[in-house]
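Beneath this line is the structure, given in structure tokens, with notes to follow.
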Amino acid sequence: MEFTKQFYKIKDVAEFVGVPATTLRYWESQFREYVAPIRNAGKIRYYTPQTIETLRLIKYLLYDRGMKIEAAKDELRHNLKNVSRRMKILTKLNEARDELQLLLKSLEKRRDV
């Protein structure tokens, strides 16, 4: 994912990551050393692209790999580079699969005509 701004509000980040804003706030409390959004005077959270990528990693560990929070913290602490690489590879594979499925549907429609 390419980011065009330096900072994003929680609503946008929730959409990027695919979880509710309440989940992001909870993860912020659980993963303090990895997720620390910047706050303005009005206490509005602003997330950097790097923090958004970390949140995507956390979602991958918790939702896709099915880890508990403590295990995910451990994985981030000891294996961050490998986790990041695996998630990027899986993301690309899923994108390729989705594209191939669209092509297959398109070919099936042509065959039926």
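Remember, it's a predicted structure, so these values are computed and weren't measured experimentally.
- Taking CZ of F7 as the start and CG of N40 as the end, the distance is 11.0 Å to the nearest 0.5 Å.
- Checking side-chain atoms of Y34 against main-chain N and O of R77 turns up a donor-acceptor pair under 3.5 Å.
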Expected list for residues 44-51: side-chain donor-acceptor pairs under 3.5 angstrom, two or more places apart:
unit_1, atom_1, unit_2, atom_2, d
R45, NE, E28, OE1, 2.7
T48, OG1, T51, N, 3.1
T48, OG1, T51, OG1, 2.9

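- No side-chain donor-acceptor contact under 3.5 Å links K73 to the backbone of F31.
- When atom types are taken as modelled, the side chain of N94 and the backbone of L90 share a donor-acceptor pair closer than 3.5 angstrom.
- Atom CG of D74 is separated from atom CE of M67 by 9.0 Å, given to the nearest 0.5 angstrom.
- Hydrophobic clustering (ILVMFWY, side-chain heavy atoms < 4.5 Å, transitive): Y26 and F16 are in one cluster.
- Within a 6.0 Å sphere centred on CD of E15, heavy atoms belonging to other residues, nucleotides or ligands number 12 at most.
- Between R25 and I10, some side-chain heavy-atom pair lies under the 4.5 Å cut-off.
- Expressed to the nearest 0.5 Å, how far CD1 of I58 lies from CZ of R56 amounts to 12.5 Å.
- If you take CG on L103 and CG on D98, they are separated by 11.0 Å, rounding to the nearest 0.5 Å.
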Kindly indicate, with the supporting measurements, whether the criterion side chain to side chain contact (heavy atoms under 4.5 Å, CB included) is fulfilled by K5 and D12. CA-CA 11 Å; K5 300 189 287 189; D12 298 323; 4.3 Å; yes

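- By the 4.0 Å N-to-carboxylate-O rule, R86 lies close enough to E75 to be salt-bridged with it.
- The nearest pair of heavy atoms linking P20 to A14 is C-CB, 4.1 Å.
- To the nearest 0.5 Å, atoms CG (N79) and CG (L61) are separated by 9.5 Å.
- Note on E95 versus K92: no salt bridge recorded, every NZ/NE/NH1/NH2 to OD/OE distance being 4.0 Å or above.
- A continuous path of hydrophobic side-chain contacts links I69 to V35 [ILVMFWY only; heavy atoms under 4.5 Å].
- Interatomic distance, CG of L55 versus NZ of K59, reported as 11.0 Å (0.5 Å rounding).
- Remark: Q101 CD is packed, more than 12 non-hydrogen atoms of other residues, nucleotides or ligands lying under 6.0 Å away.
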